[in-house]
Amino acid sequence: MTYHPKSDFMSVMIERGFMADCTDYQALDEALCAGIVPGYIGFDATAKSLHVGSLIQIMMLRWLQKTGHKPITLMGGGTTKVGDPSFRADERPLLTPEQIDDNIAGIKRVFAAYVTYEDSPTGAVMVDNAEWLDDLNYLEFLRDVGRHFSVNRMLSFESVKSRLDREQSLSFLEFNYMILQAYDFMELNRRYGCRLQMGGSDQWGNIVNGIDLTRRVIDNQVFGLTSPLLTTADGKKMGKSADGAVWLNADMRSPYEFWQFWRNTADADVGRFLKLYTELPVEECERLGALAGSEINDAKIVLANEVTTLCHGAEAAAAAKATAREVFEHGGAGDDLPTLTLSAEELGEGLSVVQAIVRTGLAKSGKDAKRLIAEGGARLDDAPLSDAGLMLTAGDLAGAVKLSAGKKRHALIRLKD
């Protein structure tokens, strides 16, 4: 990156590693220096929470506001009904309007921790594209918007090309998605003066389409900026862990489990993740990321504390750190561990230890739980667990029982009082 930005926002994007591509570095930088630039990122409502894979985009919106500009969080109440085909091997399952509304309500809670919604020049706004997409007249839309899109060009975009090259079906419904996303950008420019769309680098083609459409139809200059698609040092997609997606909502992933995910970051990722997911000065991120040997664990604790504080608050981060210390340094149970609480009726005559491992989320299936026990990876109250046929009874659960999968994943089971 040879371009040296003048605006605070572009400086942060480049220094901290958020920048993959930009449609016009210099013109965007000048616009950011000249006044408040409203910028948006769209999020489809495919689940009741966003996960860690979306956190890089959320942090971009946070930095946009912190550097004096206006973030727009666009909820895809309309586009979720179609489904984004970008780099997917198959079509997304279609959701009902009620499911989409429920998901949007859950996602709204995530954003409130990162951006400030208020009625001010830089106050964030949340918008739902169903406002303009639900009532579109199809024939008018084809005539006024569809005519600006070249199918040849759309087929050349990597997100579509990769799907077709693998001879995987791409429905006409999904093919419309990129036109709808382009229309979103133009509508946000019309309604909110939005001049910037951001997203992951898989959205580049969709963003460029929106820039072209806005120029052709209303003759306004708008910009696009993408972040790199993140993988961890071992090549895995960011946001996944051994037991599934790392959700940002506390009711779908406890603050302790969230904290633990960051504490388990690979050594090689620590410096990069500190720059992207915390607000520590870049020099401090680099210093911590360069620590070697056992000292890198101190840097991972800083990472876990900082990210958990932003997402769940300082109190939750402190509690998660205290629980981790109790579990790992002192062999205790820790009050903040994920807990399965059973009534006497649910327990009945007893619960097999295999089912206990599955129900606490330490394994995905009974087969996985049995393999964990057979390979010596399961522990019950810190003692090796070798009997897959063991039953836990009311007597065993009089206090809390701690189950462990490996050294880093733990859960409690207890009876309701």
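Along the sequence shown, residues carry numbers from 1.
- Neither side chain, Glu306 nor Thr309, offers a donor N or O lying under 3.5 Å from an acceptor on the other.
- Ring centers of Tyr192 and Tyr40: at least 6.0 Å apart, outside the cut-off.
- Put simply, the side chain of Leu303 reaches to within 4.5 Å of the side chain of Thr278, judged on heavy atoms.
- Checking Asp29 against Ser7 by side-chain atom types alone, a donor-acceptor pair falls below 3.5 Å.
- Judged by distance alone, the side chain of Gln65 and the main-chain N or O of Arg62 form no donor-acceptor pair under 3.5 Å.
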**Message:** I'd like to know whether Ser54 forms a side chain to side chain donor-acceptor pair (under 3.5 Å) with Gln57, so could you lay out the CA-CA distance, the side-chain angles of the two residues, the decisive distance to 0.1 Å, and finally the verdict.
**Reply:** CA-CA 6 Å; Ser54 297; Gln57 272 79 49; 5.2 Å; no
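- Under the 4.0 Å criterion applied to side-chain N and carboxylate O atoms, Arg287 and Glu284 are assigned as salt-bridge partners.
- One side chain, Glu118 or Ser120, offers a donor N or O that lies under 3.5 Å from an acceptor on the other.
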**Request:** Under the side chain to side chain contact (heavy atoms under 4.5 Å, CB included) rule, what do Phe111 and Met75 come out as? Steps first, then yes or no, please.
**Result:** CA-CA 11 Å; Phe111 285 108; Met75 293 285 94; 3.6 Å; yes
**Request:** Decide yes or no on salt bridge (charged side-chain N to carboxylate O under 4.0 Å, His left out) for Lys275 and Glu15, but give the supporting numbers first.
**Result:** CA-CA 8 Å; Lys275 286 183 194 173; Glu15 283 174 11; over 6 Å; no
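- Salt-bridge annotation for Lys48 and Asp251: absent, with no side-chain N of the basic residue lying under 4.0 Å from a carboxylate O of the acidic one.
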**Message:** Working note: Val222 + Gln197, criterion side chain to side chain contact (heavy atoms under 4.5 Å, CB included); need CA distance, chi angles, decisive distance, verdict.
**Reply:** CA-CA 8 Å; Val222 291; Gln197 182 183 174; over 6 Å; no
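- The closest side-chain donor-acceptor pair between Thr67 and Asp8, if any, does not fall under 3.5 angstrom.
- Here the closest non-hydrogen pair linking Met178 and Asn209 is SD-ND2, 3.6 Å.
- The list of salt bridge (charged side-chain N to carboxylate O under 4.0 Å, His left out) pairs with a residue in residues 119-137, not counting sequence neighbours, reads Lys81-Asp134, Glu131-Arg191.
- Aromatic ring centres of Tyr277 and Trp262: separated by under 6.0 Å.
- Gln181 and Thr79 are not linked by any side-chain donor-acceptor pair at a separation below 3.5 angstrom, with hydrogens and angles left out of the test.
- Judged by distance alone, the side chains of Thr73 and Tyr117 do bring a donor and an acceptor atom under 3.5 Å apart.
- With no hydrogens or angles considered, a side-chain donor-acceptor pair links Gln203 and Asn206 at under 3.5 Å.
- Judged by distance alone, with hydrogens and angles left aside, the side-chain atoms of Asn249 form no donor-acceptor pair with the main-chain N or O of Ser49 at under 3.5 Å.
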